[in-house]
Amino acid sequence: MVSACSELDDVSCGKWCHGYVLRNGLEGWDNVCNAIINMYMKCGKQEMACRIFDRMLNKTRVSWNSLIVGFVRNGDMESAWKIFTAMPDSDLVSWNTMIGALVQESMFKEAIELFRVMQSEGKTADKVTMVGVASACGYLGALDLAKWIHSYIKKKDIHSDMHLGTALVDMFARCGDPQSAMQVFNKMVKRDVSAWTAAIGAMAMDGNGTRAIELFDEMLQQGIKPDGVVFVALLTALSHGGLVEQGWHIFRSMKDIYGIAPQVVHYGCMVDLLGRAGLLSEALSLINSMPMEPNDVIWGSLLAACRVHKNVDIAACAAERISELDPERTGIHVLLSNIYASAGRWDDVAKVRLHLKEKGAHKMPGSSSTEINGKIFEFTTGDESHPEMTHIEPMLKEICCRLRDIGYVPDLTNVLLDVNEKEKEYLLSRHSEKLAIAFALISTGQGMPIRVAKNLRICFDCHSFAKLVSKSYSREIIVRDNNRFHFFQQGFCSCGDYW
DNA sequence: ATAGGGTTAG
């Protein structure tokens with residue numbers, strides 16, 4: 001009965017069950033109490049869940065785990081962690097839940113660390129553990145760790161299934177190894193639409209639109225029905241590959257052939273695809289033809305394209321919509337002020353700046369990670385307290401001197417703060433990917449490739465910085481941002497400056 | 001039977 005309440009999200013019925021337990025002194029019925037804990041947690045009633053937990057006579061591991069899972073689902077990591085550490089005999093479910101929770105909170109390094117603690121305590125990982133670990137590794141872009149995880153799974157004879165297989169495909173793709181990703185994919189015994197999506201997503205990260213279409217056709221031939229998600233991955237791949245015609249074709253086929261009405265996300269992909277290709281008015285009329293309200297992301301995507309292709313008027317229109325939809329998104333105003341500045345419209349710049357000052361600018365902090373000798377190092381933009389800073393600082397200076405000699409001029413247009421030029425230049429030189437690249441340069445041998453994973457899209461300045469470092473230091477530099485891969489070699493990038 | 005897992009525009 002409790003479980004039925006839980007399914008129906010019926011708190012009042014659940015409360016009646018709770019009362020029944022109390023009236024009849026059933027606190028010893030642990031399975032009923034566990035069900036009530038889950039029911040309350042599902043409805044967001046954390047205090048009620050705790051109340052019955054505290055009164056339970058026979059707390060089992062399921063009771064403890066139910067609390068942990070409940071806190072994680074409600075975004076309360078602190079309480080989840082407290083229960084996890086207080087729990088007398090944590091089991092696999094507890095550990096897996098915590099590792100998964102850290103991944104969910106974007107605490108990838110911490111997730112890997114928790115897995116290492118688990119190993120040192122002699123706990124045996126299973127496939128669910130490895131899904132969490134693989135996912136964390138992918139976000140960190142740690143290729144050596146990825147290879148280790150893959151062989152660990154084989155060595156420990158952890159039976160892989162569709163979830164783990166998909167997670168591994170995604171992990172290798174994010175680590176910049178599409179070959180390994182496809183090897184894992186090809187070995188999978190069963191592949192559902194999510195597995196195919198991961199493979200197509202791997203092609204998207206690689207900017208390989210043509211191969212993405214081939215994979216999609218193969219998927220259809222195998223009789224797998226596409227869903228909305230696979231079209232997101234496919235359209236993204238076409239966008240990165242600059243395949244506009246194919247993009248339109250796929251977009252139209254969604255409804256015409258597969259009977260899937262395009263959602264906001266799909267329109268977003270198309271706006272991005274058209275915008276990147278410089279077809280700004282085409283993108284704008286697509287937005288105006290949308291059957292649903294365009295959201296802030298759609299307009300943001302158009303705005304970003306306007307910055308690249310220098311269209312001030314459409315940019316202003318997009319920015320206006322965004323401030324209507326989400327007045328808190330100050331990053332947009334910064335972007336707009338930069339667009340005005342590059343067009344020499346200083347009055348407008350001043351207006352936006354004033355507006356920004358009143359609001360106060362907030363931006364997600366940039367963070368980059370790089371793996372050196374199996375150890376993962378994380379850098380945050382402008383982090384002066386990093387323990388490696390004493391080594392990084394002089395290296396950055398040396399790099400800058402060397403790059404200036406071959407014509408590097410810092411591009412200040414995208415620095416998001418209203419400070420003087422010198423200050424801007426300083427902040428720009430402290431972008432997290434620059435710190436990571438400098439550190440990797442001093443920590444790895446001559447000619448060794450450098451791999452960096454970053455949580456935001458790489459900025460123009462860091463992009464040209466990486467190109468020049470690859471040339472000046474004869475190093476292959478691979479940066480995976482939240483969008484795609486950039487392979488820098490001898491002064492050129494695999495994205496062809498199209499991102 | 002009450003607890004843990006993969007893919008998704010910017």
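Chain A is the first sequence line, chain B the second, and so forth, proteins listed ahead of strands; every chain is numbered from 1.
- The side chain of A:Val264 approaches B:dA9 more closely than any other nucleotide in the set B:dA9, B:dA3, B:dT7.
- Residue A:Asp91 is classed as a base contact, given a heavy-atom separation below 4.0 Å to a base.
- B:dT8 atom P lies 12 Å from atom CG of A:Asn483, rounded to whole Å.
- Within the 3.5 Å criterion, the main-chain N or O of A:Asp30 finds a donor-acceptor partner in the side chain of A:Asn34.
- Within residues 228-255 of chain A, the residues approached by DNA chain B to less than 4.0 Å at the level of any non-hydrogen atom are A:Val229, A:Val232, A:Thr236, in residue-number order.
- Side-chain contact check for A:Thr197 and A:Ser194: no donor-acceptor pair (N or O, by modelled atom type) lies under 3.5 Å.
- The distance between atom CG of A:Asn34 and atom C1' of B:dT2, rounded to the nearest whole Å, is 5 Å.
- Under the stacking criterion of a centre-to-centre distance below 5.5 angstrom and an interplanar angle below 30°, A:His163 sits stacked against the six-membered ring of B:dG5.
- A:Val169 comes within contact range of no nucleotide atom at all, as no heavy-atom separation falls under 4.0 Å.
- When heavy atoms are screened at a 4.0 angstrom cut-off, A:Arg174 is found touching the sugar-phosphate backbone but no base atom.
- No hydrogens or angles were tested; on distance alone, nothing pairs the side chain of A:Asp161 with the base of B:dG6 as donor and acceptor under 3.5 Å.
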Distance-only criterion, 3.5 Å: show the donor-acceptor pairs between side-chain atoms of residues 69-87 of chain A and protein atoms not counting sequence neighbours.
from	atom 1	to	atom 2	distance (Å)
A:Asn74	ND2	A:Met41	O	3.3
A:Asn74	ND2	A:Gly70	O	2.8
A:Asp76	OD1	A:Ser79	N	3.1
A:Asp76	OD1	A:Ser79	OG	3.1
A:Asp76	OD2	A:Ser79	OG	2.6
A:Thr85	OG1	A:Trp81	O	2.9
A:Thr85	OG1	A:Lys82	O	3.0

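- Heavy atoms of A:Arg276 sit under 4.0 angstrom from primed sugar atoms or phosphate atoms, though from no base atom.
- A straight line from CZ of A:Phe172 to C1' of B:dG6 spans 15 Å, rounded to a whole angstrom.
- Every residue was checked against the side chain to side chain donor-acceptor pair (under 3.5 Å) condition with A:Asp192, not counting sequence neighbours, and none meets it.
- Inspection of the A:Ser94 and A:Asp91 side chains reveals an N or O donor paired with an N or O acceptor under 3.5 Å.
- The nucleotide whose nearest atom lies closest to any side-chain atom of A:Val265 is, among B:dA3, B:dA9, B:dG5, B:dA9.
- Spacing between atom NZ of A:Lys42 and atom P of B:dT2 amounts to 9 Å, rounded to whole angstrom units.
- If you take CG of A:Asp170 and P of B:dT7, they are 5 Å apart, rounded to a whole angstrom.
- Aromatic ring centres of A:Phe231 and A:Tyr258: separated by under 6.0 Å.
- In this structure, A:Ile200 atom CD1 and B:dA9 atom P are separated by 13 Å, rounded to whole Å.
- Residues meeting the ring-ring contact (aromatic ring centres under 6.0 Å, His included) test with A:His163, sequence neighbours left out: none.
- Across the protein-nucleic acid pair, A:Ile68 atom CD1 and B:dA3 atom P stand 14 Å apart, rounded to whole Å.
- By the 30° and 60° cut-offs, the orientation of the rings of A:Tyr139 relative to A:Phe108 is parallel.
- In this structure, A:Gln221 has no side chain to side chain donor-acceptor pair (under 3.5 Å) partners at least two apart in sequence or on a different chain.
- Nearest to the side chain of A:Ser194, among B:dA9, B:dG6, B:dT2, sits B:dG6.
- Nearest nucleotide to the A:Ser66 side chain, out of B:dG6, B:dA3, B:dA9: B:dA3.
- For A:Ala167, the side-chain atoms get nearest to B:dG6 when compared with the rest of B:dG6, B:dT2, B:dA3.
- Remark: A:Lys59 qualifies as a cation-pi partner of A:Phe53 under the 6.0 Å distance and 45° angle criteria applied to the six-membered ring.
- Within the nucleic acid shown, A:Asn295 comes within 4.0 Å of at least one base atom, counting heavy atoms only.
- Taking atom CD1 of residue A:Ile99 and atom C1' of nucleotide B:dG6, one finds them 16 Å apart after rounding to whole Å.
- Within residues 126-137 of chain A, the residues having any heavy atom under 4.0 Å from DNA chain B are, by residue number, A:Asp126, A:Lys127, A:Val128, A:Val131.
- Annotation for A:Leu428 and A:Asp411: closest pair CD2-O, 3.4 Å, computed over non-hydrogen atoms.
- Within 4.0 Å (heavy atoms only), A:Ala195 reaches at least one base atom of the nucleic acid.
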